[in-house]
Amino acid sequence: QVPLGESGGGLVQAGGSLRLSCAASGRTFSRYAMAWFRQAPGREREFVAAIDWSGGNTLYADSVKGRFTISRDNAKNTMYLQMNSLKPEDTAIYYCAGAGSIYGRLSELKTEYPYWGQGTQVTVSS
C-alpha cells in the first residue's frame, strides 16, 4: 500500500489557475514515475500528464499541452500539477497515480499505475 494524497482542488473561473499537489509516503518516491489522471461525470478516467522518476521527462495529453505543467520535488515526496488557462471542460476529479515499476518509463495507461489517491475536485465555471 502506497498512500497518496491530493490537495489543491477547488472552484475557479475560466481562464484562472490552480496548483494541485500529491503527497506520497510509504516507499521511495524518487524511484517511481508518477501521473495525473482525471474523471468527469459520466466519462472514463483519462490521462492528463506523467513525469518520470527524475523529473527530467514529462508527457502530456494533447488537451492540456501548453496549459498544464507537471513537476515533482523528490526531497519533499510531492508531485505537482500547475494548471493555467483553465476551461470548463477541465472540470473533473483529479487523481494522482504512482507507477509500479522502479525507474519505469512514462505511460498514459491506467494499468501501469497500481497506486491511486482519493482524488480532488476541480470545477471551472464559465
Side-chain angles (χ1 to χ4, degrees):
Q1 194 75 10
V2 180
L4 297 173
E6 303 93 337
S7 62
L11 174 64
V12 64
Q13 288 188 329
S17 298
L18 281 175
R19 188 194 196 202
L20 304 184
S21 299
C22 172
S25 62
R27 66 173 182 169
T28 308
F29 173 80
S30 61
R31 298 180 183 178
Y32 296 87
M34 300 287 293
W36 289 97
F37 288 77
R38 67 186 181 186
Q39 188 167 17
R43 301 189 65 177
E44 294 287 322
R45 191 171 298 189
E46 65 176 6
F47 171 78
V48 175
I51 188 166
D52 74 354
W53 61 274
S54 70
N57 294 289
T58 57
L59 183 65
Y60 294 94
D62 288 344
S63 59
V64 306
K65 203 171 292 183
R67 299 188 298 121
F68 291 10
T69 302
I70 189 172
S71 62
R72 65 191 296 163
D73 184 339
N74 286 340
K76 296 182 179 179
N77 279 10
T78 303
M79 175 180 67
Y80 305 97
L81 185 68
Q82 178 66 44
M83 304 186 295
N84 299 329
S85 301
L86 282 161
K87 305 174 181 179
E89 51 263 44
D90 294 318
T91 295
I93 299 174
Y94 283 71
Y95 297 90
C96 70
S101 301
I102 294 176
Y103 304 130
R105 296 182 301 174
L106 296 177
S107 174
E108 301 179 10
L109 301 177
K110 293 188 291 289
T111 53
E112 294 295 317
Y113 300 94
Y115 306 108
W116 293 84
Q118 79 286 354
T120 186
Q121 176 71 47
V122 172
T123 302
V124 185
S125 63
S126 56

Hey, is Lys65 close enough to Asp62 for a salt bridge, meaning N to O under 4.0 Å?
yes
What closest approach, in Å, do Met34 and Cys22 show between heavy atoms, and which atom pair accounts for it?
CE-SG, 4.2 Å
Could you tell me whether the side chain of Arg105 and the main chain of Ala33 form a donor-acceptor pair under 3.5 Å?
no
Is Asp52 close to Tyr103 at the side-chain level, that is, under 4.5 Å between some pair of heavy atoms?
no
Considering all heavy atoms of both residues, which atom of Pro114 and which atom of Gly98 are nearest to each other, and what is their separation?
CD-O, 3.2 Å
Examine Met79 and Val122 and state if one hydrophobic cluster contains both, with Ile, Leu, Val, Met, Phe, Trp and Tyr joined whenever side-chain heavy atoms are less than 4.5 Å apart.
yes
At their closest point, which heavy atom of Leu106 faces which heavy atom of Tyr113, and how far apart are they?
C-OH, 4.5 Å
One pair to check against side chain to side chain contact (heavy atoms under 4.5 Å, CB included): Leu4 and Glu6. What are the steps and the verdict?
CA-CA 7 Å; Leu4 297 173; Glu6 303 93 337; 5.7 Å; no
Counterpart residues, side chain to side chain donor-acceptor pair (under 3.5 Å), relative to Tyr94 (two or more places apart):
Arg38
For Gly56 and Ser54, the nearest pair of non-hydrogen atoms, with its separation, is N-OG, 3.0 Å
For a side chain to side chain contact (heavy atoms under 4.5 Å, CB included) check, start with the C-alpha distance between Tyr32 and Trp53, then their side-chain angles and the critical distance, and finish with the verdict.
CA-CA 5 Å; Tyr32 296 87; Trp53 61 274; 5.8 Å; no
When rounded to the nearest 0.5 Å, the distance separating CD of Gln82 from CD1 of Ile70 is 12.5 Å
Reported CZ-to-CG distance for the pair Phe29 and Asp73, which is rounded to 0.5 angstrom
8.5 Å
Quick check: closest heavy atoms across Phe68 and Val48, and the distance to 0.1 Å?
CD2-CG1, 3.8 Å
For residues Ser107 and Leu59, report the shortest heavy-atom separation together with the two atoms involved.
C-CD2, 4.4 Å
Are the side chains of Val124 and Lys87 in contact, using a 4.5 Å heavy-atom criterion?
no
Nearest-0.5 Å distance that lies between atom OG in Ser71 and atom CZ in Arg19
6.0 Å
Tell me, do Trp116 and Arg45 make a side-chain contact under 4.5 Å, heavy atoms counted?
yes
Can you get from Tyr80 to Ile93 by hopping between Ile, Leu, Val, Met, Phe, Trp and Tyr side chains that sit under 4.5 Å apart?
no
Going from CG on Leu11 to CD on Gln121, what distance comes out if it is rounded to the nearest 0.5 angstrom?
9.5 Å
Distance from Leu81 atom CG to Thr120 atom OG1, nearest 0.5 Å?
11.0 Å
In this structure, NZ of Lys110 is separated from CD of Glu44 (nearest 0.5 Å) by 6.0 Å
Do side-chain atoms of Arg67 reach the backbone of Ser85 as a donor and acceptor pair under 3.5 angstrom?
yes
Can you list the steps and then say if Leu109 with Phe47 is a side chain to side chain contact (heavy atoms under 4.5 Å, CB included)?
CA-CA 7 Å; Leu109 301 177; Phe47 171 78; over 6 Å; no
Side chain to side chain contact (heavy atoms under 4.5 Å, CB included) between Met83 and Val12, intermediate numbers included
CA-CA 11 Å; Met83 304 186 295; Val12 64; over 6 Å; no
